[in-house]
Amino acid sequence: MDTPAQQPKKKFKLRMPGAFVILFILTIVAVMATWMIPAGSYSKLAYESSSSSLVITKPSGKTEKVAATQEQLDKLGVKIQIKEFTSGGITQAVSIPNTYQRLKQHPAGLGAITSSMVRGTIEAVDIMVFIFVLGGLIGVVKASGAFEAGLLALTKKTKGHEFMLIFMVAVLMILGGTLCGIEEEAVAFYPILVPIFIAMGYDSIVCVGAIFLASSVGTSFSTINPFSVVIASNAAGINFTEGIVWRIVGLIVASVFVIWYLHWYSKKVKNTPAFSYTYEDRTSFNKMWSVASGDSEEGSEFTFRKKLILILFVVTFPIMVWGVMSQGWWFPTMASSFLAFAIIIMFLTATGKYGIGEKGVVDAFTNGSASLVGVSLIIGLARGINLVMNEGLISDTILQYSSTLVAHVSGSVFILILMLIFFVLGFIVPSSSGLAVLAMPIFAPLADTVDIPRFAVVTAYQFGQYAMLFLAPTGLVMATLQMLDMKYSHWFKFVWPVVVFVLVFGGAILVAEVLVS
């Protein structure tokens with residue numbers, strides 16, 4: 001009698017949960033933290049333009065108006081030039097040194113788990129609308145068939161030189177990061193570049209590396225980025241040009257490293273597709289992002305109409321960068337700009353001999369928007385976590401405790417510990433400008449006590465916070481991974497060497513700044 005064949009035992013494999021589950025767990029952890037971490041707050045200082053005065057908000061909630069003068073700032077121990085407030089250089093409330101007070105515990109209730117998610121999503125409505133418009137624009141361009149025809153033409157011309165495109169994109173993203181902190185805005189570049197990278201034989205890691213990773217490296221080594229180094233320098237009471245030579249040297253070395261790393265990985269994937277860290281998900285990723293033929297009867301022929309549609313689509317991005325860098329655009333204005341171009345492209349796609357009609361373009365727009373709903377919700381949920389911690393009054397307590405860790409130590413030890421503190425704070429406060437105005441007025445004066453330049457504190461803030469933002473689920477990374485349907489574990493496997501590089505190389509620069517000064 002034959003014995004039945006034994007079924008192989010299934011091995012238990014720990015799987016990293018998806019973006020939504022990770023953020024849900026972190027929301028619960030944040031709620032629990034408000035019960036365990038003591039509540040407390042610094043007094044906050046803000047400029048009120050309507051009365052031309054400084055408003056002090058005490059931990060108790062009471063407010064007091066004082067004259068907007070340099071003497072008042074000096075009296076408060078806030079080492080910032082008054083013009084930074086009156087000119088609009090600093091628009092958020094800053095912490096006043098030596099004013100921390102313990103407060104009555106303010107724990108979040110069970111309902112905060114869901115209410116913070118809702119309120120965080122409402123707060124993120126500006127970027128969500130931008131993403132919906134972007135998705136709609138992509139949907140219409142795909143329906144026109146312009147993507148497919150353009151890709152066929154491009155792949156023929158770049159055959160054998162595929163990495164040049166990655167190189168150029170990475171360089172542009174690095175420059176965008178160091179000059180204006182282009183990270184959230186970089187979401188707009190995935191739809192135009194990901195199909196191209198797929199057609200060239202690369203994987204989702206290469207796509208995120210060339211866009212998100214490169215722009216984040218640029219921001220980590222910001223030179224004149226107004227949203228990080230400029231506002232942090234203002235809040236530290238120094239000119240942002242102090243230490244710029246160190247940052248430029250660091251940027252050059254970091255750029256060489258990240259481009260080499262992208263070249264190494266992309267070459268491996270190109271030669272051996274199974275090497276890809278996301279190889280198991282390649283089918284679903286390609287199905288989601290590879291360009292299929294549109295409904296147009298023109299097929300894959302690269303006609304004048306398709307060329308015009310692609311030109312209009314591509315031109316929206318340099319216009320966006322110009323608007324952000326020189327005109328102070330934010331997400332509502334960017335969304336309006338993208339919508340204007342979307343309407344023109346919808347008209348071109350709907351009309352003419354091969355037009356798909358009014359219903360066709362409207363369906364394409366709505367379907368494109370719907371495809372990015374998950375990405376938008378991720379951004380809102382991440383903001384909800386910060387709401388829980390801020391309303392639980394634990395963020396300032398963590399900041400106060402951190403400041404005691406670096407008191408009365410030598411300069412080199414001080415700056416390295418401070419970088420690691422900013423690494424942790426980057427998880428709690430993922431906003432670069434938000435962390436700058438909260439932390440700089442507290443930490444910058446401590447630099448004076450150990451005789452090191454304040455610009456070194458600004459540099460430590462950049463390296464520490466942005467090394468965390470490569471990883472932090474509370475930042476932009478989860479929205480990026482959700483957009484490309486990439487597992488966090490796959491991203492971590494790729495990005496951890498870059499995080500180590502930023503911390504080790506950044507630490508070396510910080511020690512050099514301390515020793516040379």
Side-chain angles (χ1 to χ4, degrees), residues 40-101 123 126 179-181 219 222-244 324-330 333 386 390 393 395-396 399-400 403 422 425 429-448 453-462 465:
S41 177
Y42 288 95
S43 293
K44 299 295 193 298
L45 182 69
Y47 178 69
E48 186 179 78
S49 57
S50 60
S51 62
S52 298
S53 60
L54 295 171
V55 179
I56 301 171
T57 304
K58 307 228 174 137
S60 62
K62 292 182 179 180
T63 60
E64 174 189 353
K65 289 185 180 180
V66 296
T69 63
Q70 192 63 50
E71 290 75 18
Q72 281 291 347
L73 290 179
D74 293 340
K75 184 178 177 182
L76 293 169
V78 178
K79 305 299 183 182
I80 303 175
Q81 295 297 313
I82 187 63
K83 66 180 180 180
E84 299 298 343
F85 289 96
T86 56
S87 66
I90 294 178
T91 58
Q92 303 180 57
V94 303
S95 303
I96 301 176
N98 304 315
T99 60
Y100 175 81
Q101 290 182 19
E123 279 199 4
D126 52 353
L179 298 178
C180 65
T219 311
S222 293
T223 49
I224 60 171
N225 174 10
F227 305 109
S228 64
V229 67
V230 174
I231 196 169
S233 298
N234 291 344
I238 60 174
N239 191 291
F240 77 91
T241 58
E242 293 187 40
I244 193 171
V324 170
M325 293 185 66
S326 64
Q327 304 301 307
W329 284 11
W330 199 234
T333 311
N386 303 126
N390 291 336
L393 304 176
S395 297
D396 280 9
L399 184 61
Q400 165 67 10
S403 67
F422 279 120
L425 292 176
V429 187
S431 165
S432 57
S433 58
L435 182 58
V437 299
L438 285 176
M440 281 301 140
I442 306 302
F443 287 116
L446 292 178
D448 301 337
R454 291 192 175 194
F455 70 77
V457 176
V458 174
T459 312
Y461 142 81
Q462 287 182 236
Q465 185 191 35

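Sequential numbering from 1 along the given sequence is applied to the chain's residues.
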Working for side-chain contact (heavy atoms from CB on, under 4.5 Å), residues Leu435 and Tyr461
CA-CA 9 Å; Leu435 182 58; Tyr461 142 81; 4.2 Å; yes
Hey, could you give me the CD1/CG distance between Ile96 and Leu76, rounded to the nearest 0.5 Å?
5.0 Å
Heavy-atom nearest pair, Gly77 first then Pro97, reads O-CG, 3.5 Å
For the residue pair Ile56 and Val66, establish whether any side-chain heavy-atom pair is separated by less than 4.5 Å.
yes
Full working for side-chain contact (heavy atoms from CB on, under 4.5 Å) between Val457 and Met440
CA-CA 8 Å; Val457 176; Met440 281 301 140; 3.9 Å; yes
Which atom names give the shortest non-hydrogen contact between Tyr47 and Ser53, and what distance separates them?
CD1-O, 3.5 Å
Would you indicate whether the side-chain heavy atoms of Gln465 and Leu425 approach each other to under 4.5 Å?
no
Spell out, as yes or no, whether a donor-acceptor pair under 3.5 Å connects the side chain of Thr69 to the backbone of Gln72.
yes
Can you list every pair that meets salt bridge (charged side-chain N to carboxylate O under 4.0 Å, His left out) and has a residue in residues 44-53, with sequence neighbours left out?
Lys44-Asp396, Glu48-Lys65
Sequence neighbours excluded, the answer for salt bridge (Lys or Arg N to Asp or Glu O under 4.0 Å) partners of Glu123 is none
Where do Ser41 and Pro59 come nearest, in terms of heavy atoms and distance?
O-CG, 3.5 Å
Could you check Val229 against Ile244 for side-chain contact (heavy atoms from CB on, under 4.5 Å), going step by step and ending with a plain yes or no?
CA-CA 10 Å; Val229 67; Ile244 193 171; over 6 Å; no
Tyr100: what forms a ring-ring contact (aromatic ring centres under 6.0 Å, His included) with it, not counting sequence neighbours?
Tyr42
Please report the shortest heavy-atom distance between Pro441 and Ala436, naming the atom on each side.
CD-O, 3.8 Å
Value rounded to 0.5 Å, distance of CG in Leu45 from OG1 in Thr57
8.5 Å
Between the OG atom in Ser403 and the CD1 atom in Ile442, the distance rounded to the nearest 0.5 Å is 7.0 Å
State, yes or no, whether a side-chain contact exists between Phe85 and Val94 at a heavy-atom distance under 4.5 Å.
yes
Spell out, as yes or no, whether a donor-acceptor pair under 3.5 Å connects the side chain of Thr99 to the backbone of Ser43.
yes
Count the heavy atoms of every other residue, nucleotide or ligand shown that sit under 6.0 Å from CG of Asp74, and state whether that count exceeds 12.
yes
Taking the six-membered ring for Trp and the full ring for Phe, Tyr or His, determine whether the centres of Phe443 and Phe422 are under 6.0 Å apart.
yes
I need the Ser233 OG to Gln462 CD distance, nearest 0.5 Å.
7.5 Å
